[in-house]
Every structure is written in C-alpha cells, then in structure tokens.
Amino acid sequence: MRVREWDPRAASAGEIRSLVETINTVLATDLPDDPPWQDVQVREYLAETVPGERRICWVAEDDRLPEGESEIFAHVSVLLLGDIGVLEVLVRPDLRRRGLGRQLVAVAARRAYLEGFSTIGVEAIGGTPAIGFYEALGFEREYVETRSVLTLSAVDWSSLHEMADGIAPGYRVEYLPGGPPDEMLEAYAEAKLEADDDEDLDLAPRSSDPQRLRDSLDTLHKRGLKPYIVLATHESTGVVAGLTEVVVPAQHPERADQYDTIVVRDHRGFGIDRALKARMLFELKKAEPGLREVQTWNAHNNESMLKVNAELGYLPDRDWFEYGADVAQLVQSLETII
C-alpha cells in the first residue's frame, strides 16, 4: 500500500472515478440510506477553496501500479482555515482495522503541525466506527447535533402553504436562486453575524463579511454546489430580518443540504423561520424536479428550530459529533507511524 500526497486538479479521470467508487462503498456501509455520489464535478469539489483557505489531500493506493493508474482505497484531506485544520478521512470498509486510518491521520496531522496549526477538528457520524476510532486517537468530543431528513414525497403541501403564508405583516419574502445580488451582500452579511456565537468548533465557518460572503458563494458554484436562498426583509427599515439557505450538490443532486437558517433577534417571534423554510421547499420543488430529500443539522438545545423542522416533516436520522485534538499531542502520539 502506498500513501502519497495527491492533487485532485492533476488527477486522472480514472483516479477520480476510483475515489467516487470508494466513497460509495463507504456510504453503503456507514450511511446506507444516503444517495450515492455521481462522478460530477468531484475534482472541483475537492480542489476549490475560499481564498485564504487550503485543502491538502493524500490517497492510499496499490503500490504495485504506477501513480495515476491504481485504485484508490482511502483518502484523507486537511482543510486549513482560520486557526484550525479540518480533517476528513475515508477508508474502504474491507481495509479498516489494519492501521491505514491511523497512518492517514498521522500524515495529515503532521502537515497541520508543520503549517503552524495548534488545533485539528473532525466530524464523526454516530453509529459508525469513526466514533471509537477518533476517541482512541485522543480526540475529545466538543459538539453534538442531530441530522434530520425531509422526504419531499411525504410533504403535506397544503399545510406547507399555510406555513409559508404565516409570517407577520411588515415583512417581504424574497427568493434568490444563486445567492443575493451585490447590492444586498452587506445587509445579508450583517444578518449572518447573528449566528457567530454558536459553541461548535467552527469546522465550516459562516461568511459574515461581505467580501468573504461573495468569495464563498463563488466557491460554492465552482465546487458544483448550487445555492438557493429565501430571505425576509423588514419593509420599514430594509433590514434583512431572516434568511434560509439550501445547497443542491452536483455530486448527489437528489438530496439537498440545508445550510444556515437565521432570524435576527429583534425580529424573532413573528413566524419568519417557519415561513422561510416552507417557501424554500416550494421553490426547490419547482427548480429541482429531481430532488427527493433535504437534510439539515441542528444542535440538541436548538428547540425552536427542531420544532419548526418537525412541523415541516423532517424526521431525526442520527447524531453527528465534532471532535477536536491538540495537533502537537496528536503528532507525538502518532509519531512512530509517519
């Protein structure tokens, strides 16, 4: 088995195809109800990052074949952003418990250390071997949220229509496929600041600065992630009072990802969150006829949003955990593997 640094931009079509096959093998084992990936814009999904961030990748492959011609058995990447490195590890199920995952973590942690990062974080999915794997390596659990899934074929569209109309007078609801126009970026970014006091590890930081928001939207499009936004504007002040974001990935277009849903504090209690999310589902139904499901993640203590999601028809799926580790300590404990 050979582990080497890997640039998705320079990878052959065969390597990308092999990686997608490995992703789908892992999904079939760990998340059997999730849709398989398609080999669509996977190269861009891995290569494109927001300016100021970098993603470094490695693959494990058969060392009996030349680079670029071998089957990819495992993949690891570390996204270097802000003051944290974000780890993603993928190992084919039939090769687990052989030390390969530890070797990949060691390589990525060592690079994060050399790049000057002191903390490394990772998401682990409840009910999978990843939980025991990361805890055995010394990662500490920092944050827990529940993923819920909405099946569009089961939606009560009549009730949903009432929810979409259930916003208090004085607000204008707008649908913005692709993202807000430039003239709205500052007001939109201001509303995003409301969510910056969350207690998670910030493994996917929000864009609450107009320029970063512009860069983030541009990067989403390049990665094959089509954003849809519905927002509420307070008519008398022009302030963005609330927003909801959904992204439809080219890699699995039948299941969309819910991103932020935010209601500015001064505008809470007027039914904005429920109305925006209901309106979004109507827009997605028209814009994405192949879409079957929408998935969302919520902290256990976010009772108001959990209630809204339940009313919309979302069903809890499983817990997702964020873990963190001190990079220097992790490198030291894995030093003999590198």
Side-chain angles (χ1 to χ4, degrees), residues 1-47 55-79 85-112 120-137 139 147 203 223-224 249-252 254-255 295 317-318 320-321 323 325 330 334 337-338:
M1 188 78 67
R2 173 177 58 223
V3 174
R4 64 178 173 94
E5 191 167 333
W6 183 73
D7 180 2
R9 294 184 188 275
S12 68
E15 288 179 282
I16 298 295
R17 184 167 54 252
S18 178
L19 177 61
V20 171
E21 291 172 356
T22 292
I23 290 171
N24 286 334
T25 300
V26 170
L27 283 174
T29 299
D30 294 345
L31 294 168
D33 294 328
D34 280 30
W37 274 40
Q38 301 177 15
D39 186 359
V40 180
Q41 290 186 259
V42 174
R43 185 189 310 275
E44 293 80 5
Y45 179 85
L46 295 170
R55 180 180 288 105
I56 307 171
C57 304
W58 295 261
V59 294
E61 60 188 0
D62 190 337
D63 57 8
R64 296 170 297 182
L65 297 173
E67 291 184 6
E69 298 180 13
S70 184
E71 184 178 0
I72 293 177
F73 301 125
H75 174 268
V76 63
S77 70
V78 59
L79 178 64
V86 181
L87 191 66
E88 287 191 35
V89 181
L90 187 77
V91 177
R92 213 168 65 179
D94 60 332
L95 294 176
R96 291 173 178 172
R97 302 187 183 278
R98 301 186 187 183
L100 180 56
R102 289 173 61 89
Q103 183 181 358
L104 294 175
V105 172
V107 170
R110 179 66 174 172
R111 176 61 66 86
I120 197 165
V122 68
E123 281 191 339
I125 304 168
T128 70
I131 300 297
F133 173 72
Y134 290 114
E135 291 183 352
L137 292 181
F139 282 81
R147 182 178 76 167
L203 301 188
R223 298 183 75 202
Q251 297 79 23
H252 52 87
E254 62 269 45
R255 179 180 286 191
Q295 58 186 5
D317 177 36
R318 64 172 73 201
W320 291 56
F321 304 92
Y323 285 88
L330 183 61
L334 296 171
I337 299 175
I338 300 177

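In this structure, E21 has no side chain to side chain donor-acceptor pair (under 3.5 Å) partners at least two apart in sequence or on a different chain. Under the side-chain contact (heavy atoms from CB on, under 4.5 Å) criterion, P129 pairs with D30, R96, not counting sequence neighbours. Applying the ring-ring contact (aromatic ring centres under 6.0 Å, His included) test to W58 and every residue at least two apart in sequence or in another chain returns nothing. Residues passing the side-chain contact (heavy atoms from CB on, under 4.5 Å) test with R55 are T49, C57, S77, L79, R223, sequence neighbours excluded. Partners of D62 by side chain to side chain donor-acceptor pair (under 3.5 Å), not counting sequence neighbours, listed by chain and number: R64. Not a single side chain to side chain donor-acceptor pair (under 3.5 Å) links W37 to another residue, sequence neighbours left out. Residues passing the side-chain contact (heavy atoms from CB on, under 4.5 Å) test with A28: none are found, sequence neighbours excluded. Partners of A130 under the side-chain contact (heavy atoms from CB on, under 4.5 Å) rule, at least two apart in sequence or in another chain, are A124, T128, Y134. Every residue meeting the salt bridge (Lys or Arg N to Asp or Glu O under 4.0 Å) condition with E135, not counting sequence neighbours, appears here in chain and number order: R141. Checked against side chain to side chain donor-acceptor pair (under 3.5 Å), R98 has no partners two or more places apart in sequence or in another chain. Residues that satisfy the salt bridge (Lys or Arg N to Asp or Glu O under 4.0 Å) test with R92, not counting sequence neighbours, are E71, D94.
A salt bridge is defined here as a Lys NZ or Arg NE, NH1 or NH2 lying under 4.0 Å from an Asp or Glu carboxylate O, and D33 with R318 fails to meet this definition. Between R147 and E123, no side-chain nitrogen of the basic residue sits less than 4.0 Å from a carboxylate oxygen of the acidic one, so the salt-bridge criterion is not met.
No more than 12 heavy atoms of other residues, nucleotides or ligands sit less than 6.0 Å from atom CD of E88.
Side chains of W6 and L46 form a contact here, defined as non-hydrogen atoms less than 4.5 Å apart. Side-chain atoms of L137 and Y323, non-hydrogen and from C-beta on, never get closer than 4.5 Å to each other. Proximity of L330 to I120: side-chain heavy atoms (C-beta onward) are separated by under 4.5 Å at one or more points. Taking the side chain as every heavy atom from C-beta outward, M1 and L95 approach each other to under 4.5 Å. Within the 4.5 Å cutoff, the side chain of V105 has heavy atoms near those of the L334 side chain.
Sorted pairs that involve residues 38-47 and meet salt bridge (charged side-chain N to carboxylate O under 4.0 Å, His left out), not counting sequence neighbours, are lacking altogether.
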